[in-house]
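No hydrogens, no waters, no symmetry mates; every other heavy atom, side chains included, goes into these values. Since this is a predicted model, take the numbers as computed values, not measurements.
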Amino acid sequence: MALIGRVHAATRASGPLCFDERTWRLWLEDDDDFCYLAEDGFVVYRWSDGNIEVDNLLAGSEATARALWSMVGSASSVAKSVTACVDPADPVLWMLRERSKDEVTQTRWMFRLIDLPAAVEGRGFPAGVRVETPVEVTDSRRPGNAGAWLLRVDGGSGSVTRRDVASGEGAHGDATRLTIGGMSALFAGVPTATLRRAGLLTGGSPDADDALDAAFGCSAYMIDYF
């Protein structure tokens with residue numbers, strides 16, 4: 001569990017599912033699973049109808065990635081196929097000798113911010129990005145998210161604090177206005193240009209859009225189905 005945390009943090013993984021100790025014990029006690037642990041990686045895989053299914057393979061270096069994938073590939077003389085869910089930018093995709101065509105299937109999931117300040121505070125941000133910009137959020141179902149906010153990002157951390165627009169407190173000109181759906185999508189890395197064309201983001205300025213994209217831009221994904 002400590003290794004997974006270290007590698008995910010170092011590779012800036014987006015949305016990894018981290019199991020607790022009890023779940024890991026149940027997983028590791030399965031007689032049908034093959035499990036290997038390295039200093040900076042691990043793999044869990046099994047046979048299924050004559051094929052190989054990789055539950056999880058994580059590696060923090062090229063050497064470990066090659067060693068673990070070679071372990072999986074050692075059954076290539078008898079297995080018809082190997083199935084694995086990996087990060088869209090997983091290095092294995094760039095270590096293959098030939099990769100001329102990708103067929104991608106996505107399963108979408110629902111996502112909504114419930115507590116805006118807590119969500120922003122708990123999210124990671126690029127260490128080199130500094131942002132201070134006003135935003136206004138509309139949320140008819142959770143009034144605690146709605147209203148005028150000042151978004152700050154600095155040193156890899158973020159926060160939103162209330163602005164008193166009536167008194168002019170924290171006035172920063174025309175704020176970027178987002179529906180809660182737009183704010184949730186921005187949080188998950190959807191570009192501001194997409195949100196504008198979808199009608200989920202209005203107001204603000206091109207500079208504010210660039211700043212928000214720099215802060216929130218990412219490719220959100222999950223490799224563990226739930």
Side-chain angles (χ1 to χ4, degrees), residues 4-5 7-20 23-24 27 33 41-60 62 65 68-69 72-73 76 79-116 119-120 122-126 129 137 139 141-142 145 158 178-201 209-210 212-226:
I4 293 170
V7 175
H8 279 323
T11 59
R12 298 181 180 180
S14 176
L17 180 60
C18 300
F19 295 110
D20 58 15
T23 304
W24 269 109
W27 202 359
D33 288 347
F42 82 100
V43 62
V44 180
Y45 69 94
R46 68 177 61 85
W47 285 92
S48 177
D49 296 327
N51 299 312
I52 296 291
E53 289 183 354
V54 180
D55 265 336
N56 211 332
L57 191 154
L58 183 69
E62 177 192 0
L68 295 181
W69 281 113
V72 173
S76 61
K80 296 179 180 179
S81 65
V82 174
T83 302
C85 292
V86 299
D87 173 347
D90 193 287
V92 70
L93 300 173
W94 302 99
M95 297 167 70
L96 301 173
R97 284 177 292 183
E98 295 182 7
R99 183 187 168 205
S100 59
K101 181 180 180 181
D102 291 337
E103 294 184 8
V104 179
T105 299
Q106 293 183 337
T107 301
R108 309 295 293 181
W109 74 91
M110 294 182 291
F111 180 73
R112 187 197 202 279
L113 298 183
I114 300 300
D115 185 332
L116 178 57
V120 173
R123 188 190 192 279
F125 294 89
V129 173
V137 178
D139 188 346
R141 294 190 176 274
R142 293 191 64 84
N145 291 329
L178 299 117
T179 65
I180 187 59
M183 187 68 226
S184 300
L186 176 68
F187 189 93
V190 178
T192 55
T194 300
L195 300 178
R196 283 192 181 278
R197 288 182 291 168
L200 303 178
L201 183 153
D209 283 4
D210 288 344
L212 292 172
D213 284 337
F216 289 96
C218 69
S219 298
Y221 61 88
M222 293 185 294
I223 60 173
D224 297 279
Y225 196 79
F226 63 92

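The two residues Ala188 and Cys218 make their nearest non-hydrogen contact at O-SG, 3.6 Å. Shown here for Ala215 and Pro126, the closest heavy-atom pair between the two residues is O-CD, 3.3 Å. The two atoms that bring Ala84 and Val54 nearest to each other are CB-CB, 3.6 Å, heavy atoms only.
Taking the side chain to side chain contact (heavy atoms under 4.5 Å, CB included) definition, one finds that Val190 meets it with Ala185, Thr194, Leu195, sequence neighbours left out. Annotation: side chain to side chain contact (heavy atoms under 4.5 Å, CB included) contacts of Ser184 (sequence neighbours excluded): Phe111, Arg112, Leu113, Ile180. Partners of Asn56 according to the side chain to side chain contact (heavy atoms under 4.5 Å, CB included) rule, which considers only residues two or more places apart in sequence or in another chain, are Trp27, Phe42, Ile223, Asp224. Remark: Asp49 engages no residue in a side chain to side chain contact (heavy atoms under 4.5 Å, CB included) (not counting sequence neighbours). Considering only residues two or more places apart in sequence or on other chains, Arg142 meets the side-chain hydrogen bond (donor to acceptor under 3.5 Å, both in side chains) condition with none of them. Arg197 is linked by a side-chain hydrogen bond (donor to acceptor under 3.5 Å, both in side chains) to nothing, counting only residues two or more places apart in sequence or in another chain.
Checked by atom type, the side-chain pair Thr23/Asp20 shows a donor-acceptor distance below 3.5 Å.
Of the inter-residue distances, the one linking Asp139 atom CG with Met183 atom CE reads 11.5 Å to the nearest 0.5 angstrom. Atom CG in Leu58 sits 8.5 Å away from atom CG in Asp90 (nearest 0.5 Å). Atoms CG and CZ, on Leu178 and Arg196 in that order, are 8.5 Å from each other to the nearest 0.5 Å. In this structure, the separation between CD1 on Ile52 and CH2 on Trp47 is 4.0 Å, given to the nearest 0.5 Å.
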For a side chain to side chain contact (heavy atoms under 4.5 Å, CB included) check, start with the C-alpha distance between Val86 and Leu57, then their side-chain angles and the critical distance, and finish with the verdict. CA-CA 8 Å; Val86 299; Leu57 191 154; over 6 Å; no
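Using the six-membered ring where Trp is involved, Phe216 and Phe187 have ring planes that are tilted, between 30° and 60° apart.
Residues Trp69 and Val43 have side chains not in contact (no heavy-atom distance under 4.5 Å, counting atoms from C-beta outward).
Although no hydrogens or angles enter the test, the distance criterion places no donor-acceptor pair under 3.5 Å between the side chain of Asp213 and the main chain of Pro191.
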